[in-house]
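Bear in mind that the values here come from a model prediction, so they are computed numbers and not experimental data. A, B, ... follow the sequence lines: proteins, then strands. Residue 1 opens every chain.
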Amino acid sequence: MDVNKVRQSFPILHQEVNGHPLVYLDSAATSQKSQQVIDSIDQYYKEYNSNVHRGVHTLGTKATDGYEGARDKVRRFINAKSTQEIIFTRGTTTSINTVAYSYGRTNLQEGDEIVITPMEHHSNIIPWQQTAKATGATLKYIPLQEDGTISLEDVKDTITDNTKIVAMMHVSNVLGTINPIKEVTDIAHEHGAVMLVDGAQSAPHMRVDVQDLDCDFFAFSGHKMGGPTGIGVLYGKKHILEKMEPVEFGGEMIDFVNWYDSTWKELPWKFEGGTPIIAGAIGLGAAIDFLEEVGLDDIEAHERDLAQYAMDRLKSIEGVTIYGPQERAGLITFNLDDVHPHDVATVLDAEGIAVRAGHHCAQPLMKWLNVSATARASFYMYNTKEDVDAFVDGLQKTKEFFGDVF
Amino acid sequence: MSFNNLDQLYRQVIMDHYKNPRNKGSLEGEHLAVDMNNPTCGDRIQLQLKVQDGIVEDAKFDGEGCSISLSSASMMTQAIKGKKVEDAVEMSKVFSDIMQGKEIDKDMDELGDIQALQGVAKFPARIKCATLPWKAMEQGVEEKE
């Protein structure tokens with residue numbers, strides 16, 4: 001993989017921020033977009049913007065082909081059996097909420113359990129809290145090991161025959177932990193529970209095969225994988241989706257509408273009420289093409305290398321605490337003694353280095369870590385060792401700067 | 001932007017309030033209490049005010065946050081103690097104007113240490129840190145009324 005060639009496709013990276021070359025280390029929040037993705041959206045609006053699935057005119061057909069073509073790219077990307085299992089949503093949050101609302105509220109009752117982990121993003125906690133409140137089900141947490149991983153023993157101890165839903169992130173956006181989804185799915189299935197995977201931090205960075213994982217639902221966002229904001233995916237096994245009711249009703253999703261009753265289109269369209277996110281889906285399709293061209297295995301290896309390199313270099317700075325396991329995805333969450341993460345991020349920003357500071361939408365995990373906030377550097381295919389060097393040097397300067405003012 | 005701007009942001013006086021916060025802790029006896037957090041970053045301020053006959057008799061705060069939010073809280077409690085409630089609220093408006101980079105017709109000297117926070121206006125992402133304790137104060141006295 002030629003990082004410099006990859007970088008050439010991302011116009012945003014070639015600029016100065018605060019007088020320094022931009023070092024973008026916040027891809028776990030949102031990734032940058034390649035010229036190819038930007039062009040695909042531009043081309044759609046300039047050449048064939050039209051509504052899908054209805055017009056008989058030529059542009060309408062082109063738009064429908066573009067939109068449905070993107071669905072097939074997604075299907076291939078995660079190796080789903082059929083495009084009927086690929087629902088376009090607004091993002092991971094909407095995908096999880098759709099399952100919590102449609103599947104959760106119909107299939108759960110008092111005495112049932114929903115099992116999640118303390119490392120989840122808010123978008124994989126709150127929908128389940130709300131579902132538990134609405135149905136009388138109980139929300140349970142698989143405890144974390146000291147290094148921020150989960151043990152299969154604990155998984156086995158937490159999931160019972162009363163468990164109906166297990167929801168877990170594939171890769172932690174804070175700890176970088178890669179969860180053993182396949183094994184957890186097996187345990188969930190042994191107890192008759194369905195398995196939902198939050199793939200927001202995995203799908204952009206590693207090869208995902210939903211048939212191999214055998215999970216029942218898999219949710220991810222376009223904007224974290226080089227695609228535009230406002231588009232995401234909910235994968236669900238066909239036989240489960242077929243039994244689920246739509247969450248949004250209106251145009252596009254109907255079969256027949258009578259005065260007092262209506263019927264729904266077949267999958268996946270019954271879950272896509274209203275004019276869909278056509279440009280977003282086309283942009284996501286282009287992002288998938290880009291990822292496949294670069295190669296997901298190479299991307300994953302490259303990011304892990306960067307993370308390990310950064311971990312090694314950070315050891316040279318006294319007072320840096322790194323959270324999460326040694327074996328991790330391409331991100332590093334840390335704190336610098338005596339300097340609040342917001343202050344760290346502000347000083348790094350003055351050096352043109354973009355990192356995230358805050359609770360990363362994981363307040364329960366912050367509580368578990370016993371911190372109010374942390375800073376995070378996250379890597380993608382377009383980051384380089386020089387980026388890591390700039391980051392570590394910036395952190396050293398931060399330490400000196402605050403050492404001086406104190 | 002350079003370290004020069006950063007120096008303005010993190011002036012000595014701000015760091016002094018951060019490292020040695022004034023009025024940190026909690027009040028005894030009857031008082032108003034306001035908890036306010038910045039949900040985007042997790043900063044949290046617990047502000048306690050003793051208001052009698054329209055005067056802020058005492059003020060204390062506790063909480064977690066960055067150097068800007070905590071030093072701002074420290075400076076604010078110092079500034080509003082002994083002030084009429086309406087003057088404290090007026091001061092909050094002036095502070096908000098300064099943060100938004102607006103021209104103000106007040107004599108800056110009246111603001112005391114608070115004027116050290118002027119540099120924050122150049123860092124839009126940090127303005128909410130500085131205004132958090134002031135918003136808490138405004139909410140507290142509003143509830144009282």
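- Residue E28(B) places its CD atom among 12 or fewer non-hydrogen atoms of other residues, nucleotides or ligands, all under 6.0 Å distant.
- Distance check: S67(B) OG to D338(A) CG gives 12.0 Å after rounding to the nearest 0.5 Å.
- Within the 4.5 Å cutoff, the side chain of H340(A) has no heavy atoms near those of the L70(B) side chain.
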For residues 55-65 of chain B, tabulate all N or O donor-acceptor pairs below 3.5 Å that involve a side-chain atom, not counting sequence neighbours.
unit_1	atom_1	unit_2	atom_2	d
D58(B)	OD1	K81(B)	NZ	3.3
E64(B)	OE1	S372(A)	OG	3.3

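- The environment of CD in E318(A) is sparse: at most 12 heavy-atom neighbours from other residues, nucleotides or ligands sit within 6.0 Å.
- Separation of atoms CG (N38(B)) and NE2 (H359(A)) is listed at 8.0 Å; rounding is to 0.5 Å.
- When side chains are defined from C-beta on, R126(B) counts as touching D343(A), because their heavy atoms get closer than 4.5 Å.
- Shown here is Y101(A), whose OH atom has no more than 12 heavy atoms of other residues, nucleotides or ligands within 6.0 Å.
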